[in-house]
Amino acid sequence: MQLNIEGVKETQCEYQHMEKISNNVDRILTHVDETLNTTGLELDNKSKLVGTGDPKIDDMVLAIIPFEGTCGSHHHHPRHRHRRGRQPHYKSLHFSLFQHETINKTGYDPLTAKANRSSKQLGTAEGTSITSGLDGLSSILVAKLTLRLKNHKGSISIVGGTNNLKRSDHPVVGGTKDFLFVQGYVTSSAIDVKGPTVVYKIGFHLYWPPYPPRAS
């Protein structure tokens, strides 16, 4: 059996190269720790010291830069493997419901799948508003929207200014159950202002940021 001498030399050269880099890293960290102990700075500020004018640290940083190693007649360049980072997945949900608000009546306003009051109810809206405009059309709204969708159940809280006749955007400030950690906004547009019951089209634009799973 023939022994691959070139492969053995190559492996030894790479090992020596990595060992030198490791030693340089240890020297840098040791000097940084000594500098921090002398100045009384926090360890989190290590990165701020590098390259800020300390000649000892700057010289040591140069030593860690990968160099071209030489073993006999073979020249080896450091190998760099670039692994493409996994992009975070952002979950989102967009849909519309219809709110039926009866004037001068307290209680829960039904949220239905269609503008027709007899259509399937998928949630309720409850909240309070304070008139903020002299025309009586503008107000400050605080509301809780409880939803019972096919794959999502829970509540969404919204706040913001609203206009009875114009489209209004309300930022989402929180949620519960399947809407925990939700962000986004809710739109409100009046589509029927005749009669004692006013119908609004409520648009939901919801986004979940990536986060670690909840502890059981």
Side-chain angles (χ1 to χ4, degrees), residues 42-45 47 82-216:
E42 297 292 334
L43 291 178
D44 290 341
N45 292 330
S47 58
H82 299 281
R83 180 176 295 179
R84 180 174 296 178
R86 193 175 193 181
Q87 296 297 326
H89 175 68
Y90 292 87
K91 173 184 173 183
S92 64
L93 186 64
H94 306 270
F95 62 96
S96 296
L97 297 177
F98 296 87
Q99 177 184 357
H100 304 266
E101 179 182 6
T102 302
I103 300 176
N104 296 327
K105 181 181 178 181
T106 59
Y108 299 94
D109 296 333
L111 298 173
T112 59
K114 298 181 180 180
N116 190 337
R117 176 63 183 87
S118 60
S119 65
K120 184 177 181 179
Q121 183 172 339
L122 298 175
T124 56
E126 56 180 314
T128 183
S129 62
I130 302 174
T131 301
S132 58
L134 297 177
D135 58 1
L137 298 177
S138 300
S139 57
I140 304 299
L141 172 70
V142 179
K144 174 186 175 184
L145 308 176
T146 303
L147 303 176
R148 297 183 296 275
L149 309 179
K150 182 178 180 180
N151 297 319
H152 296 82
K153 293 178 174 57
S155 66
I156 296 171
S157 299
I158 61 174
V159 297
T162 188
N163 187 289
N164 293 341
L165 300 179
K166 300 179 182 179
R167 167 179 158 149
S168 303
D169 296 338
H170 308 96
V172 173
V173 296
T176 64
K177 295 183 179 179
D178 293 333
F179 299 101
L180 191 65
F181 300 121
V182 74
Q183 300 174 359
Y185 63 99
V186 172
T187 63
S188 174
S189 304
I191 62 174
D192 187 359
V193 295
K194 299 178 182 179
T197 300
V198 180
V199 180
Y200 296 92
K201 182 178 181 180
I202 309 298
F204 295 82
H205 304 275
L206 309 176
Y207 305 85
W208 285 262
Y211 58 88
R214 288 181 294 171
S216 58

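The structure displayed is predicted, hence computed values, not measured ones. Residues take their numbers from the sequence shown, with the count starting at 1.
S96 and K201 get closest at one heavy-atom pair: OG-CE, 3.7 Å. Of all non-hydrogen atoms in Y207 and S92, the two that sit nearest each other are CD2-CB, 3.7 Å. Residues L122 and A113 approach most closely at CD1-CB, 3.9 Å, considering heavy atoms. Residues L145 and A125 approach most closely at CD2-CB, 3.5 Å, considering heavy atoms.
Looking at V142 and V159, their side chains come closer than 4.5 Å, going by heavy atoms from C-beta outward. Proximity of D178 to K153: side-chain heavy atoms (C-beta onward) are separated by under 4.5 Å at one or more points. A heavy-atom distance below 4.5 Å is found between the side chains of L97 and L147. Side chains of F204 and L149 form no contact here, defined as non-hydrogen atoms less than 4.5 Å apart. Residues Q99 and L111 have side chains in contact (heavy-atom distance under 4.5 Å, counting atoms from C-beta outward). Between Y200 and N164 there is a side-chain heavy-atom pair separated by less than 4.5 Å. Residues V199 and H100 meet the side-chain proximity criterion, which asks for heavy atoms closer than 4.5 Å.
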Legend entry - Derivation and outcome, side chain to side chain contact (heavy atoms under 4.5 Å, CB included), residues F98 and I191: CA-CA 9 Å; F98 296 87; I191 62 174; 3.6 Å; yes

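Side-chain contact annotation: T102 with T197, donor-acceptor N/O pair under 3.5 Å present. Side chains of S188 and S168: no donor on one and acceptor on the other come within 3.5 Å.
Rounded to the nearest 0.5 angstrom, H170 NE2 and I156 CD1 are separated by 13.5 Å. Between S189 atom OG and N163 atom CG the span is 10.5 Å, to the nearest 0.5 Å. Note that the CD1 atom of I202 and the CD1 atom of I158 stand 7.0 Å from one another [nearest 0.5 Å]. Atom CZ in F95 sits 8.5 Å away from atom NE2 in H152 (nearest 0.5 Å). Going from atom CG of L180 over to atom CH2 of W208 covers 10.5 Å, rounded to the nearest 0.5 Å. Taking OG of S129 as the start and CG of L141 as the end, the distance is 6.0 Å to the nearest 0.5 Å.
Comment: D192 does not engage K194 in a salt bridge, judged by the lack of any side-chain N to carboxylate O separation of less than 4.0 angstrom.
A donor-acceptor contact shorter than 3.5 Å is absent between the side chain of S138 and the backbone of G133. T112 contributes no side-chain N or O that, together with a main-chain N or O of S119, makes up a donor-acceptor pair within less than 3.5 Å.
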